[in-house]
Amino acid sequence: MEVVSWNDIYTVVNTRISGNTAPDILNIDVFADYQADGLLLPAKDFVSEETYAKMYPAFLDQSVVDGTVWAIPDLASARAMYYNVDILEAAGVEVPTTWDELKAACEALKAYDSSIYPWGIDMTTDEGQAAFAYYIWNNGGDFTDADGNWTLNSAENVEAIEYAIGLVNDGLTNTDPANETRYTLQDLFGAGKLAMMIGPNSIPTYIADGGSTINYAFAAIPTNGGNPSVSAGVMDRFMCFDNGHSAEKLEAIKTFFDFFYDDARYSDWVLMEGFLPATSAGGEIVASSDPSMAPWVEIVGSCKFYPTAKAEWADVKQGVINVEQQALLGGNVQELLDNLQAEIAG
């Protein structure tokens, strides 16, 4: 086993591939480029039927290309809106469920205490694609249409990003969303300096480890126009490179995954890491072991995910971050998304 920093793993893997020394098993977030280059084995070739059947179908669906599953999920995280209970109560603000309510809440919070940031936004290279997803999905937009065609410049998407940028321009958010990551936001939230933010299920652990004692809760992400609230799901994957494995080697790989996804062992690991399980049995164990995780286990089974099965995703991810950062500098959202759509869709 070789452990590589997330900052370096893409370069390390690509260097190994170019040198014909691809790893047997890779744990990373993306797979589509490797699949498009014919480098991977179908999941059912390297995972036993018993272990494969444990996976949430919604998770497996995120790794389908041409009707075949090419990777399996190792763990996941989901997103919700966190809010400081005491600050909202002191300002006389109800927990917002719509965009209109969110903006009104932010304005009331700013009037109550100008030293507190009402709303947190991360449009950095760390989580900018997540911010894009939060707003477009909760405005009825998406990255693609039902046929898988890119729809980056749809009217819903343009409206969504204009709304988010508007919150920044109105002084209702942290001051520098292009550079302040979600970790900065989590620190501000834990210190009682940020009233509301969208974040992952790991925030309670992060806040507790930081010694914070704020009174907080979480709720569904605010939505617009009567659209149902959508939670963003993020997951990493295991994949197996087609390195000419013998039948014996493939059985050894299957044994490795049987060991890894053993219900008790896997659940202990997920609980330790503060993430969410990718298997139904793991979900049941985690929910019963830690009641605070039960709502998250329910959320993660019906999350919406990035279109990472499309080979263009890496470019789209960077592209939407660039759009947000240019918009923060005064760029026209419609024009920026039109240009990105033309670049990606040809």
Side-chain angles (χ1 to χ4, degrees), residues 1-76 129 143-144 147-148 150 233-263 265-266 269-270 275 277-282 305-318 344 346:
M1 181 176 291
E2 179 182 357
V3 179
V4 181
S5 163
W6 276 109
N7 296 325
D8 305 321
I9 193 167
Y10 303 98
T11 300
V12 170
V13 172
N14 290 337
T15 299
R16 291 189 59 172
I17 290 172
S18 64
N20 294 317
T21 57
D24 295 328
I25 298 170
L26 175 64
N27 179 204
I28 204 170
D29 54 348
V30 295
F31 77 100
D33 286 349
Y34 306 131
Q35 187 278 331
D37 290 338
L39 300 175
L40 301 181
L41 287 174
K44 288 191 173 182
D45 285 4
F46 63 88
V47 182
S48 70
E49 291 183 10
E50 179 183 2
T51 294
Y52 188 88
K54 295 180 178 182
M55 310 290 171
Y56 283 122
F59 283 27
L60 292 172
D61 288 347
Q62 308 311 309
S63 299
V64 172
V65 176
D66 296 332
T68 299
V69 177
W70 296 92
I72 57 173
D74 67 334
L75 49 72
Q129 76 286 351
F143 291 92
T144 65
D147 296 322
W150 293 107
V234 178
M235 70 176 184
D236 296 330
R237 298 171 167 87
F238 283 115
M239 60 208 73
C240 181
F241 281 82
D242 186 2
N243 293 339
H245 304 302
S246 65
E248 183 180 12
K249 181 70 171 289
L250 283 175
E251 286 302 313
I253 291 173
K254 290 181 180 180
T255 300
F256 167 80
F257 284 119
D258 288 343
F259 177 89
F260 182 86
Y261 286 101
D262 171 79
D263 292 342
R265 179 178 296 109
Y266 176 68
W269 174 66
V270 171
F275 283 95
T279 69
S280 54
F305 292 87
Y306 304 133
T308 52
K310 296 180 71 65
E312 302 93 347
W313 169 244
D315 293 331
V316 169
K317 175 182 175 180
Q318 186 58 53
I344 298 298

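Note: hydrogens, waters and symmetry copies are ignored here, and every other heavy atom, side chains too, is used.
- Proximity of Phe143 to Lys310: side-chain heavy atoms (C-beta onward) are nowhere separated by under 4.5 Å.
- By the salt bridge (Lys or Arg N to Asp or Glu O under 4.0 Å) test, Lys44 is found to be paired with no residue, residues two or more places apart in sequence or in another chain being considered.
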**OP:** Would you check, one step at a time, whether the test side-chain contact (heavy atoms from CB on, under 4.5 Å) holds for Phe46 with Ile25?
**Re:** CA-CA 10 Å; Phe46 63 88; Ile25 298 170; over 6 Å; no
Original post:
Can you list the steps and then say if Asp61 with Phe305 is a side-chain contact (heavy atoms from CB on, under 4.5 Å)?
Top reply: CA-CA 10 Å; Asp61 288 347; Phe305 292 87; over 6 Å; no
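- Here the side chains of Tyr52 and Val69 are in contact, with some heavy-atom distance below 4.5 Å.
- You'll find the side chain of Tyr10 reaches within 4.5 Å of the side chain of Val30, heavy atoms only.
- Closest non-hydrogen pair, Ala71 versus Met239, comes out as CB-CB, 4.2 Å.
- By the side chain to side chain contact (heavy atoms under 4.5 Å, CB included) test, Asp8 is found to be paired with Val4, Ser5, Val12, residues two or more places apart in sequence or in another chain being considered.
- Partners of Asp24 according to the salt bridge (Lys or Arg N to Asp or Glu O under 4.0 Å) rule, which considers only residues two or more places apart in sequence or in another chain, are Lys249.
- Residue pairs satisfying the salt bridge (Lys or Arg N to Asp or Glu O under 4.0 Å) criterion with at least one member in residues 48-57, sequence neighbours excluded, are listed as follows: Lys54-Asp263.
- Residues forming a side-chain hydrogen bond (donor to acceptor under 3.5 Å, both in side chains) with Asp74 (at least two apart in sequence, or on another chain): Asn27.
- Environment of CG in Asp37: crowded, with over 12 heavy atoms of neighbouring residues, nucleotides or ligands closer than 6.0 Å.
- In terms of the side chain to side chain contact (heavy atoms under 4.5 Å, CB included) criterion, residue partners of Asp45 (sequence neighbours excluded) are, by chain and number, Leu41, Pro42.
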Below 3.5 Å, can you tabulate the donor-acceptor pairs from side chains in residues 253-262 to any protein atom, sequence neighbours excluded?
| from | atom 1 | to | atom 2 | distance (Å) |
| --- | --- | --- | --- | --- |
| Thr255 | OG1 | Glu251 | O | 2.9 |
| Asp258 | OD1 | Ser48 | OG | 2.6 |
| Asp258 | OD1 | Thr51 | OG1 | 2.5 |
| Tyr261 | OH | Pro73 | O | 2.5 |
| Asp262 | OD2 | Ala264 | N | 3.4 |
| Asp262 | OD2 | Arg265 | N | 3.1 |

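- In this structure a side-chain-to-backbone donor-acceptor pair under 3.5 Å is missing from Tyr266 to Pro277.
- The shortest non-hydrogen separation linking Ala309 to Ala32 is O-CB, 3.4 Å.
- Considering all non-hydrogen atoms of both residues, Thr308 and Phe31 come closest at O-CE2, 3.9 Å.
- For the side-chain hydrogen bond (donor to acceptor under 3.5 Å, both in side chains) test, no residue two or more places apart in sequence or in another chain qualifies with Asp315.
- Every residue meeting the side chain to side chain contact (heavy atoms under 4.5 Å, CB included) condition with Asp147, not counting sequence neighbours, appears here in chain and number order: Asp145, Asn149.
- With sequence neighbours left out, the side-chain hydrogen bond (donor to acceptor under 3.5 Å, both in side chains) criterion links Ser63 to Arg237.
- For Gln129, the side chain to side chain contact (heavy atoms under 4.5 Å, CB included) criterion is met by Glu127, Tyr306, Trp313, Lys317, Val320, Ile321, not counting sequence neighbours.
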Original post:
Going through the checks in order, is the side-chain contact (heavy atoms from CB on, under 4.5 Å) test met by Ile17 and Phe241?
Top reply: CA-CA 10 Å; Ile17 290 172; Phe241 281 82; 3.7 Å; yes
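- Asp29 CG to Ile9 CD1: the interatomic distance, rounded to the nearest 0.5 Å, is 8.5 Å.
- The two atoms that bring Leu40 and Trp70 nearest to each other are O-CZ3, 3.4 Å, heavy atoms only.
- Closest non-hydrogen pair, Ile72 versus Ala43, comes out as CG2-CB, 4.0 Å.
- Residues forming a salt bridge (Lys or Arg N to Asp or Glu O under 4.0 Å) with Glu2 (at least two apart in sequence, or on another chain): Arg16.
- Formation of a donor-acceptor pair under 3.5 Å by the Asp236 side chain with backbone atoms of Leu75 is not found in this model.
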